[in-house]
Student: 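The structure that follows is given in the form of structure tokens.
Naming: A, B, ... by sequence-line order, numbering from 1 per chain.
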There are 2 protein chains.
Amino acid sequence: MLKLTKKADYGLMALKYLAEHPETPALSAKDVADAYVIPAQLLAKILQLLTKSGLLRSHAGMNGGYALARDARQISAYEVIHAIDGPFFITSCTKGTKSCELTPSCTIKEPLARVNETIAGVLKSISIQDLAESEPPPGRAREAQALVALTL
Amino acid sequence: MLKLTKKADYGLMALKYLAEHPETPALSAKDVADAYVIPAQLLAKILQLLTKSGLLRSHAGMNGGYALARDARQISAYEVIHAIDGPFFITSCTKGTKSCELTPSCTIKEPLARVNETIAGVLKSISIQDLAESEPPPGRAREAQALVALTL
DNA sequence: CTGAACGCGGACCGAAGAAGTCGGATATTG
DNA sequence: CAATATCCGACTTCTTCGGTCCGCGTTCAG
């Protein structure tokens, strides 16, 4: 409940890894899969998704692999998750496609949709670059650049 | 991915319903299940969970049922979700129980943990009362009372 | 005191989605 | 040509969610 999939995790990890190695022209799926210890074939499919979404550029053949399509600072965590897991909604009852039918049930959904947007906003404000940077010095914390207002 | 379960939805709906009927001493699971159109037996179990967590007070026997244990304003959406779905983490890799083992993989998780806390903060700032109020007049929007800072 | 209405709680099952595997086609380079 | 890549769909396996069933304890009305 309310957790992102391993695929999305893997995708974020992979992008972070690519962001940390800007010098290399391309890294193969296997390279990344070895660096972390995730199954190579699975990672490959994830990277393919990210390529289709325009976040990565791929190059087949020997010495091929993947590279970031844009600057790491221009890629948000939201885009990655969206590319891998599709559009995400907090509510099971995604209003729009007459899912809640007759029942006037979904009075809850209205305020929860705001929460949904808030979370999306937070995710959009985080870039791959942020992920790649924020780890080495344990004490140092980058100052808040994301400030999100929630109105019910 | 990243959506809350129907059980949590049902729980929120039920609490909202109870908040809207403060006069009645107790409403049975069936009452609420009929109001919205959700399966009664399932709702019953959810209400039991909420009772065990201290959010509701139950009364067995004829004319029994459930009532809010506290004021609707004192119950947060976070508590409800937590009571029903258990502790929630964005990351599949909940650090703490040596889940990420040897792999130095989870460099991602550190910043994502912040996101997790941010979301939890938003959820904590929403009360059942908010849910019960925010619907009738479509144009009117309560002003932002939740302002969340995210620091990476 | 007896039975109906209710909460309690465990066992169970089907469906759906996530995680991961396999196999083959295509492209690129040495 | 051969090795190394991406690419892409089908498939199996595993877990979890949504939901049902049944039996028990409690309360209250007649």
Student: Could you measure the distance from the CD1 atom of A:Ile75 to the CG atom of A:Leu15? Nearest 0.5 Å is fine.
Tutor: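 One gets 6.0 Å once the value is rounded to the nearest 0.5 Å.
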Student: Determine: side-chain N/O of A:Ser58 to OP1/OP2 of D:dC7, distance under 4.0 Å, yes or no.
Tutor: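 True: A:Ser58 side-chain N/O within range (under 4.0 Å) of D:dC7 OP1/OP2.
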Student: Run the side-chain contact (heavy atoms from CB on, under 4.5 Å) check on B:Leu112 and A:Asp9 step by step: do they pass?
Tutor: CA-CA 10 Å; B:Leu112 284 190; A:Asp9 273 351; 4.2 Å; yes
Student: Rounded to the nearest 0.5 Å, how far does CD of A:Gln129 lie from NZ of A:Lys16?
Tutor: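 If we round to the nearest 0.5 Å, A:Lys16:NZ and A:Gln129:CD are 11.5 Å apart.
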Student: Give me, pair by pair, the N or O atoms of the protein and of nucleotides 10-16 of chain C that are less than 3.5 Å apart, along with how far apart they are.
Tutor:
| from | atom 1 | to | atom 2 | distance (Å) |
| --- | --- | --- | --- | --- |
| C:dA11 | N6 | B:Lys45 | NZ | 2.8 |

Student: Using the side-chain heavy atoms of B:Pro39, tell me which of these nucleotides is nearest: D:dT20, D:dC7, C:dC8.
Tutor: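 When the side chain of B:Pro39 is considered, D:dT20 is the closest of D:dT20, D:dC7, C:dC8.
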Student: Excluding sequence neighbours, so at least two apart, what forms ring-ring contact (aromatic ring centres under 6.0 Å, His included) with B:His82?
Tutor: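 With sequence neighbours excluded, B:His82 shows a ring-ring contact (aromatic ring centres under 6.0 Å, His included) to B:Tyr78, given in chain and number order.
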Student: Among residues at least two apart in sequence or on other chains, which ones pass side chain to side chain donor-acceptor pair (under 3.5 Å) with B:Asp31?
Tutor: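 With sequence neighbours excluded, B:Asp31 shows a side chain to side chain donor-acceptor pair (under 3.5 Å) to B:Ser28, given in chain and number order.
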Student: Taking the side chain as C-beta and beyond, is there a heavy-atom pair between A:Val122 and B:Val122 under 4.5 Å?
Tutor: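 A:Val122 vs B:Val122: side chains apart.
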Student: Scan nucleotides 22-30 of chain D nucleotide by nucleotide, 5' to 3', and note B when protein non-hydrogen atoms come under 4.0 Å of the base, S if they reach only the sugar-phosphate, - if neither.
Tutor: B---BBB--
Student: Between residues 27-34 of chain B and DNA chain C, which residues have a heavy-atom gap below 4.0 Å?
Tutor: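 Within this stretch, B:Ser28, B:Ala29 sit under 4.0 Å of the strand.
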Student: Can you list every pair that meets salt bridge (Lys or Arg N to Asp or Glu O under 4.0 Å) and has a residue in residues 58-72 of chain A, with sequence neighbours left out?
Tutor: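 Counting only pairs at least two positions apart or across chains, the salt bridge (Lys or Arg N to Asp or Glu O under 4.0 Å) contacts touching residues 58-72 of chain A are A:Arg70-A:Glu79.
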Student: Taking only distance into account, with no hydrogens and no angle test, what donor-acceptor pairs under 3.5 Å do side-chain atoms of residues 42-56 of chain B form with protein atoms, sequence neighbours excluded?
Tutor:
| from | atom 1 | to | atom 2 | distance (Å) |
| --- | --- | --- | --- | --- |
| B:Thr51 | OG1 | B:Leu47 | O | 2.8 |
| B:Ser53 | OG | B:Leu49 | O | 3.1 |

Student: From CD1 of B:Ile46 over to P of C:dC8, roughly how many Å is that when rounded to an integer?
Tutor: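 About 14 Å, once rounded to whole Å.
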Student: How would you list, by chain and number, every residue that makes a side chain to side chain donor-acceptor pair (under 3.5 Å) with A:Asp85, sequence neighbours excluded?
Tutor: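 Checked A:Asp85 against side chain to side chain donor-acceptor pair (under 3.5 Å); matches are A:Thr5.
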Student: How many whole angstroms separate atom NZ of A:Lys6 from atom C1' of C:dG20?
Tutor: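 These atoms are roughly 10 Å apart.
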Student: Whole-Å distance between C:dA18 P and A:Asp9 CG?
Tutor: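 About 13 Å, once rounded to whole Å.
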Student: In whole Å, I'd like the distance from the CG atom of A:Asp85 to the P atom of C:dA18.
Tutor: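 Distance, rounded to whole Å: 7 Å.
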Student: In whole angstrom, give the distance that lies between atom CG of B:Leu49 and atom P of C:dG7.
Tutor: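 The answer, rounded to whole Å, is 14 Å.
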Student: Can you measure A:Lys7 atom NZ to C:dT21 atom C1' for me and round it to whole angstrom units?
Tutor: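 One finds 12 Å between C1' of C:dT21 and NZ of A:Lys7, rounded.
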Student: Hey, are the side chains of B:Thr118 and A:Ile119 touching, using non-hydrogen atoms and a 4.5 Å cut-off?
Tutor: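 Result no, sub-4.5 Å side-chain heavy-atom pair not found.
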Student: For B:Leu47 and for A:Leu42, locate the closest nucleotide of DNA chain C by heavy-atom distance; then report the residue assigned to the nucleotide nearer the 5' terminus.
Tutor: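 Upstream on the strand: B:Leu47.
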Student: Quick one: salt bridge (charged side-chain N to carboxylate O under 4.0 Å, His left out) partners of A:Asp34, sequence neighbours excluded?
Tutor: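 Counting only residues at least two positions away or on another chain, A:Asp34 forms a salt bridge (charged side-chain N to carboxylate O under 4.0 Å, His left out) with A:Lys30.
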Student: Let me know the distance between CG of A:Leu43 and P of D:dC7, rounded to the nearest Å.
Tutor: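 Taking atom P of D:dC7 as the reference, CG of A:Leu43 is at 13 Å.
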Student: How long is the line joining OH of B:Tyr10 and C1' of D:dG18, in whole Å?
Tutor: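 In whole Å, D:dG18 C1' lies 8 Å from B:Tyr10 OH.
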